[in-house]
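Throughout, a chain's letter reflects where its sequence line sits, starting with A, and its residues are numbered from 1.
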2 protein chains.
Amino acid sequence: MNIGEVAKRSGLPPKTIRYYEDIELIRPMRHDNGYRVFRETDLHKLAFLGRARTLGFSIEDCRILLSLYEDETRESAQVKALAQDHLTAINDKISQLRAMRETLQELVQSCHGDDRPDCPILSDLSGETADPV
Amino acid sequence: MNIGEVAKRSGLPPKTIRYYEDIELIRPMRHDNGYRVFRETDLHKLAFLGRARTLGFSIEDCRILLSLYEDETRESAQVKALAQDHLTAINDKISQLRAMRETLQELVQSCHGDDRPDCPILSDLSGETADPV
DNA sequence: CTTGAGCTTCCAGCAACTGGAAGGCCTATA
DNA sequence: TATAGGCCTTCCAGTTGCTGGAAGCTCAAG
């Protein structure tokens, strides 16, 4: 398979696939003409990576996951710990975003949003303490 | 004020303050010796920026917010629209993260996490369809 | 033989800083 | 007065995960 085909089948853009080779997540062979040759195992790895990235794992986590996947002597505890840490990080991010949302929502709601310059959003940002509702 | 003082008072690290000058969010004066001189208005702007960044606004949004703040002929509708868009983006991100969390949580729960290699997390990533529970 | 699609490499840029090196300045104390 | 330290300066590089674009080679079709 050439890169275009693999891109279609894996759902990853060619640029990304080349990048993954660059950082040595995959190691496709080469044709005599310099073209990359992808085998089923390469495609499989790329799909694995795509899925892991969709779940938000970092590239370095992906590298570890891939190596665990290929290591028949792995302990599932290692995988679980990695996933658990990631889950915790995601939960932290959600909390942060929720805090932002809460504040923003209040500010947006309190702004009349017309042609007058008066604006509680800017007031808040500039450090004025909000009027008690 | 020197940068250290401003850093303390604004809560932003000196590096970040220099960076903000670099991208022309602020324009502090200079002493003869080359040191930056910050006035109250600079400090005020930095606090504004810090707060806006905490709410997740991008630097470019911050630039716009700052210019709106300083524009007495602004219409609050402009500010509100910006904040509303940002709020929408945050909500999108939260949705994404929640989707990740849901999947991850299931996977983590289904993994026994012991010394055996068998692992539903890796199975999922590798494209095996999950066994119906 | 030419055209166009597909492939190659390499370089640059995004966001928003952050770390570190090399060196100037300022103040206090011995 | 010398020096030590702490603060300041600039500049360069690195972070994460790609993405865009340029220049150029290859391949298949007409």
A.B. asks: Going by salt bridge (charged side-chain N to carboxylate O under 4.0 Å, His left out), B:E21 matches just one of B:K45, B:R30, B:R27. Which one?
C.D. replies: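 Passing option: B:R30.
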
A.B. asks: Check this for me, if you would: do A:K8 and A:E5 make a salt bridge, where the nitrogen-to-carboxylate-oxygen distance has to be below 4.0 angstrom?
C.D. replies: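 No, no charged N to carboxylate O under 4.0 Å.
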
A.B. asks: Just wondering, do B:L65 and B:F48 contact through their side chains at under 4.5 Å, heavy atoms?
C.D. replies: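 Heavy-atom side-chain distance check passes, below 4.5 Å.
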
A.B. asks: Check this one for me: any side-chain N or O of A:Y20 less than 4.0 Å away from OP1 or OP2 of D:dC18?
C.D. replies: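 For D:dC18, OP1 or OP2 has a side-chain N or O of A:Y20 closer than 4.0 Å.
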
A.B. asks: Across the strands shown, which category fits B:I23 at heavy-atom distances under 4.0 angstrom: base, sugar-phosphate, nothing?
C.D. replies: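 Nothing, no heavy atom under 4.0 Å.
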
A.B. asks: Name the first nucleotide and the last nucleotide along DNA chain C (5' to 3') that come under 4.0 Å of a heavy atom in chain B.
C.D. replies: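 On DNA chain C, the outermost contacted nucleotides are C:dA16 to C:dC26.
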
A.B. asks: Report the residue (A:N2 or B:P13) whose heavy-atom-nearest nucleotide on DNA chain C is the more 5′ of the two.
C.D. replies: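 Whichever sits nearer the 5' end wins; that is A:N2.
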
A.B. asks: So, taking the atom named CZ in B:F57 and the one named CZ in B:R51, what distance separates them when rounded to the nearest 0.5 Å?
C.D. replies: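 Spacing of CZ (B:F57) from CZ (B:R51) equals 10.0 Å.
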
A.B. asks: In whole angstrom, what separates A:E5's CD from D:dC27's C1'?
C.D. replies: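 Rounded to the whole Å, the gap is 16 Å.
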
A.B. asks: Using a 4.0 Å heavy-atom cut-off across all strands, classify A:R18 as base, sugar-phosphate, or nothing.
C.D. replies: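 Contact class for A:R18: base.
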
A.B. asks: Would you mind reporting whether A:K80 and A:E75 have side-chain heavy atoms less than 4.5 Å apart?
C.D. replies: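 Not in contact.
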
A.B. asks: To the nearest Å, how far apart are A:R63 CZ and D:dT16 P?
C.D. replies: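 Interatomic distance, CZ of A:R63 to P of D:dT16: 11 Å.
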
A.B. asks: Please give the angle, rounded to 10 degrees, between the axes at the start and the end of the helix from C:dC1-D:dG30 to C:dA30-D:dT1, where five pairs define each axis.
C.D. replies: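 That helix gives 30° between its end axes.
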
A.B. asks: Could you check whether any side-chain N or O of B:H44 sits under 3.5 Å from a backbone N or O of A:S126, counting only pairs where one atom can act as donor and the other as acceptor?
C.D. replies: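 Yes, the answer is positive, given that a donor and an acceptor are paired below the 3.5 Å cut-off.
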
A.B. asks: OP1 or OP2 of D:dT10 sitting under 4.0 Å from any side-chain N/O of B:R36?
C.D. replies: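 Yes, such a contact exists.
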
A.B. asks: Any salt bridge between B:E106 and B:R101, counting N to O under 4.0 Å?
C.D. replies: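 Salt bridge: no.
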
A.B. asks: Start with the C-alpha distance between B:R98 and B:E102, add both sets of side-chain angles, then the distance that settles salt bridge (charged side-chain N to carboxylate O under 4.0 Å, His left out), and finish with yes or no.
C.D. replies: CA-CA 6 Å; B:R98 274 216 270 251; B:E102 202 148 322; over 6 Å; no

